[in-house]
Amino acid sequence: MRRRDEKFPENGFEAWGGYMQAKIAKLEEQFCVSAGKEEALSDIFNGVSIYVNGFTVPSADELKVLMSKHGGTYHTYQRSDDYIIASNLPDTKVKNMNLSRVVKPEWITDCLKSNRLLDYREYLLFKNSRTQRQLNFSKVIKNNDSIPATSKVPDVKNEPDSFNKNLIENSNIIFENEPSMQDVLPTESELDMKKSSNLHVQTVSKAHSGPVTKTAADPNFIAEFYNNSRLHHISQLGACFKQHINDLRENSNFQFPARVQLKEKILNSNNFNTFTQLKFEKNKVIMHIDMDCFFVSVGLRSRPELRGKPVAVTHSKGGQGRPKREGVDRHAEFNLYKQKQIKKFSMSTGKPENEVVIETRIDSIGDENEKYGSMSEIASCSYEAREKGLGNGMFMGAALKLCPDLQTIPYDFDGYKEVAYTLYNTIAQYTLDVEAVSCDEMYVDCTELLADMKVNVQSFATMLREEIKNKTGCPCSTGFGGNRLQARLATKRAKPDGQFFLTEDLVEDFIYEIKLRDLPGVGRQTAQKLEALGHITCGSLQSLSLASLKSQLGNKTGAQLFDQCRGRDQHPLSFLTVRKSVSAEVNYGIRFENSNQCIDFLKQLSAEVHSRMQQFKVVGKCITLKLMVRDEEAPVETAKFMGHGFCNVINKSTTLNKATNDVEVITKEVLAICKKQNIDPKEMRGIGIQVTKLEPLNSKPSKGTINKFLANNIKSEIKTESTASEGVSVISGRTIEKRTPTKVKKVISTKSPLGKRRGRPPKSLKLLQSSTRNVGPSKSVPSTSKNLPSTSKKVMNNFLQGQNAPRDLPYKNPMIKESLPKEEPPVKKEPKGMIGLPWKTVRDMLRAWLNSDQSPLQYDVNMIVEYLQEMILTKDIEHLFILMNFLRRVTREVGSDVWLKVYDSIYEQVQNMMVAVYGKKLHVFDD
DNA sequence: ATCCTCCCCTAC
DNA sequence: TAAGGTAGGGGAGGAT
């Protein structure tokens with residue numbers, strides 16, 4: 001299907017100025033340049049790495065070439081130590097970003113002109129208080145601070161900040177492309193001071209007491225904190241990929257042409273015949289797939305020299321002593337945690353408190369100013385590090401104690417996202433019976449896939465892992481079993497970089513040895529309880545009756561554990577996720593001096609929640625405020641820098657009469673609750689806002705018949721779902737209380753999946769159609785592709801929308817817009833534009849375009865439409881399908897109205913052409 | 001019995 | 001220094 005070869009079009013566009021055009025030109029230029037000679041021209045930018053944001057002159061592609069020619073590095077995704085090159089930035093961005101490294105592109109060109117690295121601070125895009133970092137001895141601020149950060153007139157020149165100290169100080173850190181001191185810190189500070197004489201400046205007296213630290217009282221705190229929070233990113237990415245699977249399923253016709261190629265590959269591999277046929281419980285094949293120490297693996301892609309060494313991803317490096325903070329009492333604080341834990345344990349087990357021995361992660365950490373005192377957490381560590389006893393979540397101090405030669409690498413959140421997309425999209429070529437767990441982990445029901453491909457599971461696993469490794473540069477492990485529990489445990493056995501098949505005959509012996517703590521759902525508390533009952537392993541727990549387990553741990557948990565320790569799992573995979581709550585919380589850096597700061601923060605956090613609700617298109621009825629307040633026994637100064645320390649947690653909620661996402665309402669309720677608690681703002685250590693009892697936001701005006709059509713469709717989905725669930729429960733012979741009715745009710749109550757567009761006509765049926773757990777009536781729905789007339793290219797059928805789109809009556813399709821026929825496709829007498837470019841290149845260009853922060857130009861839109869229409873004419877439907885899906889997803893990610901309109905416009909014109917050429921619409925998208 | 005609310009626990 | 005978020009499941013106990 002890859003009929004286009006990698007050639008560039010003859011250059012012939014006369015109009016200039018469109019983003020895409022610029023891109024094309026640069027692309028070509030870059031191609032020519034890199035095709036030319038490879039040697040560097042200078043090393044001016046040695047150690048400098050840049051990220052280009054938005055439209056610049058020279059363009060991003062040009063800058064990329066320039067950097068590589070002159071010793072620098074260009075990043076497609078922004079990293080923390082990049083200089084951000086930009087000529088202008090949208091307001092929304094500016095508000096949420098650290099501007100101290102946002103530099104005009106002239107910096108690069110001027111450096112080249114003068115053939116040396118100039119002080120980037122001369123080229124800051126924004127020069128005001130926001131771009132100024134903390135100073136050690138004096139701080140100069142503008143007298144008039146009311147000039148908005150977005151002011152296009154950098155009329156003010158402040159004293160530049162001293163170069164970020166910690167970048168230099170820690171020599172054992174691996175920093176990529178860290179600028180060296182002499183390069184970037186010329187003695188121009190004094191110069192700057194003189195230049196600034198035309199301003200009113202004042203020295204902040206407070207500055208003498210040391211660096212000013214960022215707290216939640218700072219206006220930009222939330223954004224900066226979230227930007228750096230691994231937990232925030234983990235959570236966001238998880239939600240993102242659950243949605244991604246929802247979207248893919250919604251837009252798919254559940255044909256998987258890539259299976260053919262994979263099968264061929266498998267059949268051609270020489271080891272194919274060496275595998276025996278495996279049998280899993282109930283003849284289902286569930287795969288669990290998990291990237292190996294994900295964050296580390298992504299980081300190591302660009303640091304091959306660290307492979308095989310103990311490596312950890314963390315913010316800080318530890319090792320050095322920390323500045324002594326007055327009033328810290330680690331022992332007192334840790335003791336409080338420990339006592340609480342002991343008390344809890346004693347209560348739940350009946351063991352007297354003085355007999356309880358508990359080990360916590362704070363036991364092994366040194367004093368704050370010691371070598372091993374760092375309380376920075378490890379997000380992920382390599383297997384070499386795990387061998388020495390390190391684990392995720394461990395403090396750096398403790399980790400260094402166990403492993404003094406630990407190498408640390410910084411976070412690369414964009415990298416994680418990129419790799420995760422590749423992972424998911426790789427799987428999605430073969431099946432969409434996928435339950436996303438997180439950005440690096442999912443369950444896949446392979447039953448249908450393997451039956452269809454008629455290949456053995458071992459070959460499939462081998463090839464799939466190889467493909468993922470090739471595409472992402474990161475290893476992963478897969479486990480297979482007859483249910484999700486078995487698959488999951490198999491993966492654990494398979495790690496690292498392996499695969500394991502927990503076949504029916506192995507389950508009993510295998511599960512017997514499994515530690516209870518390793519069961520999903522059994523955490524520290526449950527494991528402790530079970531241990532108190534005398535059970536460490538699944539085998540041992542099998543001796544406990546269902547009744548006693550239930551009485552010890554509750555009905556559901558008890559029953560689940562009873563199943564789990566026998567290797568059973570009745571929970572089917574769920575391919576569709578429905579959001580039930582939206583929340584935002586910050587338990588770091590919360591330090592208020594007065595109630596105004598607190599109120600201001602609550603407002604900001606309310607706005608954050610509001611914006612997320614908008615993003616997910618929901619309104620909610622119940623608003624909960626969570627407050628962490630310093631325990632009166634806890635030291636005022638926390639052990640962890642800016643941490644929350646030992647706290648009491650307060651949760652208070654209000655239920656409204658009507659669901660809302662109004663920021664004013666949320667703020668008002670939140671402030672009211674907070675006020676009622678009567679808490680000294682100085683004692684606050686954490687704040688969270690949650691909205692529950694969600695309903696989908698009905699933004700679209702009613703469309704009469706269409707809506708009816710939708711409602712019916714959704715009902716049928718619910719019905720099928722419930723039958724399916726019951727079917728499963730009967731088959732598994734389990735005692736399942738009210739599970740099914742509850743589930744059904746949940747589905748009904750949400751009507752259509754939240755956080756996504758309503759209105760998806762034939763999708764619901766298809767959604768169920770290929771789900772292997774459905775044995776009910778949905779099976780009888782005929783395959784949509786059968787209705788289509790045959791085409792020369794068989795695969796094309798996979799992408800055409802079959803239902804409701806007969807050749808001669810396109811307007812009967814309820815999803816076709818009224819406006820459809822009114823304009824002709826744009827005439828393309830003009831330059832060839834993008835036509836001829838490989839689709840992958842176009843995809844990358846689209847991505848860059850969407851990330852460019854530029855307003856889309858009509859010209860560019862037209863050019864893209866032309867390109868896509870050309871694909872229709874040349875019958876390259878497969879890639880058209882990919883590009884359209886891509887465009888849809890990405891425009892929604894950007895989420896702004898203007899981009900959604902761009903998408904709609906492109907969509908409409910493409911479908912016009914589809915109808916004109918094939919009498920059918922491309923099978924994608926509902927709106 | 002079942003539902004609602006306020007938690008706690010777990011996972012990534 | 002350091003970035004301790006977020007969503008879902010479920011139990012306890014009171015309200016219906």
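Just so we're on the same page: letters track the sequence lines, and every chain starts at 1. Keep in mind that this is a model prediction, so the values were computed, not measured.
As judged by a 4.0 angstrom heavy-atom cut-off over every strand, A/V649 is placed among residues making no nucleic acid contact. Contact annotation for A/L237: no contact, since no heavy-atom pair falls under 4.0 Å across all strands. Within 4.0 Å of A/G589, counting heavy atoms only, lies no atom of the nucleic acid at all. When heavy atoms are screened at a 4.0 angstrom cut-off, A/S438 is found touching the sugar-phosphate backbone but no base atom. Using a 4.0 Å heavy-atom distance criterion, A/L519 is classed as a sugar-phosphate-only contact. Using a 4.0 Å heavy-atom distance criterion, A/N392 is classed as making no nucleic acid contact. At a threshold of 4.0 angstrom between heavy atoms, the contacts of A/T526 are confined to the sugar-phosphate backbone, with no base atom among them. Note on A/G238: nothing from the nucleic acid sits closer than 4.0 angstrom, heavy atoms only. At a threshold of 4.0 angstrom between heavy atoms, the contacts of A/K529 with the nucleic acid are absent. Contacts of A/G645 with the nucleic acid, taken as non-hydrogen atoms under 4.0 Å apart, include base atoms. Within 4.0 Å of A/Q690, counting heavy atoms only, lies no atom of the nucleic acid at all. Within 4.0 Å of A/R612, counting heavy atoms only, lie sugar-phosphate atoms of the nucleic acid but no base atom.
Along DNA chain B, the nucleotide closest to A/H288 and the one closest to A/I650 are compared, and the more 5′ of them pairs with A/I650. Between A/F646 and A/Q560, the residue anchored closer to the 5' end of DNA chain C is A/F646, taking for each the nucleotide with the nearest heavy atom. DNA chain C is contacted by both A/A239 and A/T557; A/A239 maps to the nucleotide lying nearer its 5′ end (nearest heavy atom per residue).
OP1 or OP2 of C/dG4 sits under 4.0 Å from a side-chain N or O of A/S229. A sub-4.0 Å separation between OP1 or OP2 of B/dC12 and a side-chain N or O of A/R488 is present. A sub-4.0 Å separation between OP1 or OP2 of C/dA3 and a side-chain N or O of A/Y411 is absent. Of the side-chain N and O atoms in A/H232, one or more sit less than 4.0 angstrom from OP1 or OP2 of C/dT6. Applying the 4.0 Å criterion to OP1 and OP2 of C/dG4, one finds that A/R230 has a side-chain N or O inside that range. At C/dA2, one or more side-chain N or O atoms of A/S374 fall inside 4.0 Å of OP1 or OP2 (strictly under the cut-off). A/R517 has a side-chain polar atom (N or O) that falls below the 4.0 Å cut-off from OP1 or OP2 of B/dA11. Put simply, A/S376 has a side-chain N or O that comes within less than 4.0 Å of OP1 or OP2 on C/dA3. A sub-4.0 Å separation between OP1 or OP2 of C/dA2 and a side-chain N or O of A/S316 is present. Proximity of A/K580 to the phosphate of C/dG9: a side-chain N or O atom is located under 4.0 Å from OP1 or OP2.
Judged purely by atom type and a 3.5 angstrom limit, A/N228 has no side-chain atom pairing as donor or acceptor with the backbone of A/F225. Remark: the backbone N or O of A/S229 is paired with a side-chain donor or acceptor of A/H233 at under 3.5 angstrom.
Which of C/dG8, C/dT1, C/dT6 sits closest to the side chain of A/S581 comes down to C/dG8. Nearest nucleotide to the side chain of A/R579, out of B/dA11, C/dG5, C/dA7: C/dA7. Of the candidates C/dG4, C/dA7, B/dC9, C/dG4 carries the atom nearest the A/Y588 side chain, counting heavy atoms from C-beta on. Distances from the side chain of A/M375 to the nucleotides C/dA3, C/dA2, B/dC6 place C/dA2 closest. In the set B/dC6, B/dA11, C/dG4, the nucleotide with an atom closest to the side chain of A/N587 is C/dG4. Candidate nucleotides C/dG9, C/dG11, C/dA2 were compared by shortest atom distance to the side chain of A/K556, and C/dG11 ranks first. Considering only the side chain of A/S653, B/dC6 comes nearest among C/dG5, B/dC6, B/dA11. When distances run from any side-chain atom of A/I234 to the nucleotides C/dG5, B/dC9, C/dG4, the shortest one goes to C/dG5. Listed candidates were B/dC12, C/dG4, C/dT6. Nearest to the side chain of A/E585 is C/dT6. Here the side chain of A/K344 is nearest to one of C/dG5, C/dG8, B/dC9, namely B/dC9.
Taking the six-membered ring for Trp, A/Y337 and A/F334 have ring centres at least 6.0 Å apart. Between A/Y411 and A/H315, the distance separating the two ring centers is shorter than 6.0 angstrom.
Side-chain contact check for A/L694 versus A/V618: some heavy-atom pair is nearer than 4.5 Å. A/R101 has its side chain out of reach of A/D82: every pair of non-hydrogen atoms, C-beta onward, lies at least 4.5 Å apart.
Side chains of A/Q243 and A/D247: a donor-acceptor N/O pair is present below 3.5 angstrom, by distance only.
Between the side-chain ring of A/H644 and the base of C/dG4, a stacking contact exists by the 5.5 Å and 30° definition.
Separating the CD1 atom in A/I234 from the CG atom in A/L237 is a distance of 8.5 Å, to the nearest 0.5 Å.
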